[in-house]
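The structure under discussion appears below in the form of structure tokens.
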Number of protein chains: 2
Amino acid sequence: MSLHQRIRADLEAHILSGEWPPGHRIPFEHELMAHYGCARMTVNKVLSSLAAAGLIERRRKAGSFVRRPFEQAAVLEIPDIKAQIAARGAAYRYQLLDSGRDGEVLVLECRHLADDAPFAYEQRRIQLDVIPQAAEIDFSEEAPGSWLLHNVPWHEAEHRISAKPALDMVAAQLDLPSGSPCLVVERRTWSSGKLLTQVRIWYPGESNELVAKFTPSGRG
Amino acid sequence: MSLHQRIRADLEAHILSGEWPPGHRIPFEHELMAHYGCARMTVNKVLSSLAAAGLIERRRKAGSFVRRPFEQAAVLEIPDIKAQIAARGAAYRYQLLDSGRDGEVLVLECRHLADDAPFAYEQRRIQLDVIPQAAEIDFSEEAPGSWLLHNVPWHEAEHRISAKPALDMVAAQLDLPSGSPCLVVERRTWSSGKLLTQVRIWYPGESNELVAKFTPSGRG
DNA sequence: AAGTGGTCTAGACCACACC
DNA sequence: GTGTGGTCTAGACCACTTA
């Protein structure tokens with residue numbers, strides 16, 4: 001592994017772990033030079049790539065700062081479920097149904113309700129080896145999606161969308177007749193190639209739509 | 001504008017204009033050094049960024065080569081249905097079920113089959129005031145989606161994705177039990193603000209998935 | 001074996017933002 | 001002014017691939 005890759009991984013770990021929260025000023029280039037014992041071009045390359053990836057923001061004379069995580073996917077608009085329900089004028093309620101560990105993965109099941117009616121059923125996996133601070137969060141209070149959205153920056157995401165019948169447990173949790181159509185959204189999120197979290201969300205088909213607006217060049 | 005930005009713009013123009021087609025070998029770093037009269041680090045930075053952007057591919061000892069352009073919208077991957085079926089190794093067949101006019105709108109209904117099994121049911125509307133040449137096309141031979149994809153440039157698109165039960169005609173056309181979950185994709189496409197076409201495609205839920213992969217910055 | 005890209009250095013000057 | 005990042009240089013050594 002090359003020097004600039006090791007430095008980048010090191011800085012990324014500080015950011016992703018939350019040790020350097022959004023707004024935190026990263027050491028100056030000359031400080032990093034001294035710390036890693038390398039030339040300025042090398043740390044400059046690292047910081048430039050972090051800026052290109054959207055993890056940090058660089059300002060002349062001021063320094064480099066950790067950026068806020070993105071509020072939502074700009075391309076495929078899947079807003080925070082809480083905000084989505086609030087936008088309909090309904091009262092939002094969240095329930096943690098189950099939680100456990102599967103090796104280095106935190107496994108959660110939860111449910112989102114609008115005016116006490118089931119709105120979505122969520123199955124979530126969080127990589128604790130990459131986001132160790134997630135182990136300390138009380139997910140019976142805050143939904144994992146909301147917490148992640150506001151605390152962990154991501155670089156890449158993949159959505160997989162399908163229509164499936166609600167069977168057994170899912171039908172029960174969503175209070176639907178067994179076999180009702182559901183929109184199933186599976187999302188995986190990475191940061192610099194490392195898987196951060198996976199989630200599968202079941203929406204009753206009648207109640208929900210995904211909207212994606214974009215141009216061929218990739219700008220929404 | 002900095003030197004490496006000017007060099008990058010220059011090389012990009014060669015690639016995007018088609019002067020350097022896919023597979024073409026870009027001049028070696030030492031050749032670009034001589035051509036632009038700069039240090040190797042500078043051209044290296046340019047070529048590295050072009051590689052990171054996916055425009056070129058770099059191979060030691062061999063050189064740097066122009067990559068193939070993306071075959072489809074990288075943001076929300078909805079390939080040509082024909083190509084999609086071919087990719088599964090199934091035989092593609094297309095049927096025009098009905099066609100008519102609604103004022104300035106050409107209205108079509110058609111069906112796509114994989115190995116003679118229904119794969120998707122399509123309801124299409126094409127604005128003839130914007131795309132008059134569509135009136136001359138024999139859509140019993142070529143699917144409207146395929147023809148549009150290859151003949152009409154678009155600038156903006158919006159997808160609306162939902163899960164709905166297949167009822168009546170849709171269930172019949174897709175050979176499904178009434179009420180089966182279907183993935184419904186509604187797409188509207190514009191060019192410079194003018195609506196070109198609308199389409200609603202029904203996929204049997206079990207057989208299909210949409211995949212969207214992207215980054216917050218908008219590059220897939 | 002040879003030539004390419006990958007990486008790194010130890011300087012340097014500049015533009016810009018903030019004081 | 002002062003200090004930061006932005007850029008560029010003229011070298012160098014290495015690793016990998018391909019001929």
Side-chain angles (χ1 to χ4, degrees), chain A residues 1-15 19-68 153 155 192-194, chain B residues 1-16 19-69 216-217 219:
Chain A
M1 206 183 201
S2 65
L3 178 56
H4 74 264
Q5 285 175 325
R6 273 186 285 126
I7 297 177
R8 169 155 179 170
D10 199 17
L11 298 184
E12 252 181 18
H14 283 87
I15 296 173
E19 187 183 340
W20 291 348
H24 182 270
R25 208 210 75 224
I26 282 185
F28 297 126
E29 292 191 353
H30 63 84
E31 293 172 330
L32 292 173
M33 271 176 71
H35 183 265
Y36 292 104
C38 66
R40 192 181 146 219
M41 279 282 319
T42 305
V43 299
N44 181 283
K45 181 172 188 167
V46 171
L47 294 182
S48 298
S49 74
L50 286 175
L55 267 182
I56 68 172
E57 183 186 350
R58 312 197 73 191
R59 291 205 308 272
R60 283 177 157 97
K61 168 74 180 176
S64 304
F65 302 84
V66 178
R67 290 217 338 191
R68 301 240 174 122
H155 285 130
S192 59
K194 289 191 295 288
Chain B
M1 208 182 199
S2 64
L3 178 56
H4 75 263
Q5 285 175 326
R6 271 185 287 127
I7 297 178
R8 169 156 178 168
D10 199 18
L11 298 185
E12 254 182 14
H14 283 87
I15 295 172
L16 295 179
E19 186 183 342
W20 291 348
H24 181 271
R25 209 211 73 224
I26 283 184
F28 297 126
E29 292 192 352
H30 63 83
E31 293 172 331
L32 291 173
M33 268 176 72
H35 183 266
Y36 291 103
C38 66
R40 193 181 147 220
M41 280 272 338
T42 306
V43 298
N44 180 284
K45 182 172 187 166
V46 171
L47 294 183
S48 298
S49 74
L50 285 175
L55 272 179
I56 68 172
E57 183 185 351
R58 312 197 73 192
R59 292 205 307 272
R60 282 177 157 98
K61 167 74 180 178
S64 303
F65 301 85
V66 177
R67 292 218 336 193
R68 301 259 166 109
S217 55
R219 295 273 163 193

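Naming convention: chains lettered A, B, ... in sequence-line order (proteins, then strands); numbering from 1 in each chain.
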Check your understanding: Is the distance from OP1 or OP2 of dT7(C) to the nearest side-chain N or O of Thr42(A) less than 4.0 Å?
Key -> no
Exercise for review: Measure from the side-chain heavy atoms of Asn44(A) and tell me the nearest of dG6(D), dC8(D), dT7(C).
Suggested key: dG6(D)
**Study point:** Separation of dT7(C) P from Ile7(A) CD1 (nearest whole Å)
**Key:** 12 Å
**Study point:** Side-chain heavy atoms of Arg8(A) within contact of Leu11(A), under 4.5 Å
**Key:** no
Review point. Taking atom C1' of dG6(D) as reference, at what distance in whole Å does atom NZ of Lys45(A) sit?
Key: 16 Å
**Study point:** Sugar-phosphate only, base, or nothing, as touched by Leu3(A) at under 4.0 Å among non-hydrogen atoms
**Key:** sugar-phosphate
Review point. Arg8(A) CZ to dT7(C) C1': how many Å, rounded?
Key: 16 Å
Check your understanding: Using Watson-Crick and G-U wobble pairs with both distances under 3.5 Å, what is the 5'-to-3' dot-bracket string of DNA chain C, with [ ] for crossing pairs and | for pairs outside the strand?
Key -> ||||||||||||||||||.
Point to revise | Set of side-chain contact (heavy atoms from CB on, under 4.5 Å) partners for Lys194(A), sequence neighbours left out | key: Glu12(A), Val130(A), Ser192(A)
Practice item. Please report, rounded to the nearest Å, how far the C1' atom of dG6(D) is from the CZ atom of Arg58(A). Key: 8 Å
Review point. Ile56(A) CD1 to dT4(D) P: how many Å, rounded?
Key: 15 Å
Exercise for review: Measure across Gly23(A) and Phe65(A) and return the closest heavy-atom pair with its distance rounded to 0.1 Å.
Suggested key: O-CD2, 3.5 Å
**Study point:** Results of side-chain hydrogen bond (donor to acceptor under 3.5 Å, both in side chains) for Thr42(A) - residues two or more places apart only
**Key:** none
Revision key, fill the gap. Here the residues of residues 26-33 of chain A within 4.0 Å heavy-atom distance, strictly under, of DNA chain C are none
Review point. Nearest-Å distance, NE2 (His4(B)) to P (dG6(D))?
Key: 10 Å
Review point. Could you run down nucleotides 10-19 of chain D 5' to 3' and tag each one B, S or - for protein heavy-atom contact under 4.0 Å?
Key: B-B--BBBB-
For residues 51-59 of chain B, dump all side-chain donor-acceptor pairs below 3.5 Å to protein atoms at least two apart in sequence or in another chain.
from, atom 1, to, atom 2, distance (Å)
Arg58(B), NE, Ser64(B), OG, 3.1
Arg58(B), NH1, Glu29(B), OE2, 3.3
Arg58(B), NH2, Glu29(B), OE2, 2.6

Taking only distance into account, with no hydrogens and no angle test, what donor-acceptor pairs under 3.5 Å do side-chain atoms of residues 30-38 of chain A form with protein atoms, sequence neighbours excluded?
from, atom 1, to, atom 2, distance (Å)
Glu31(A), OE1, Arg25(A), NH2, 3.4
Glu31(A), OE1, Phe28(A), N, 2.8
Tyr36(A), OH, Asp10(A), OD2, 2.5

**Study point:** Side chains of His14(B) and His24(B) in contact at under 4.5 Å (non-hydrogen atoms)
**Key:** no
Review point. When rounded to the nearest 0.5 angstrom, what distance separates CD1 in Ile15(A) from CZ in Arg67(A)?
Key: 11.0 Å
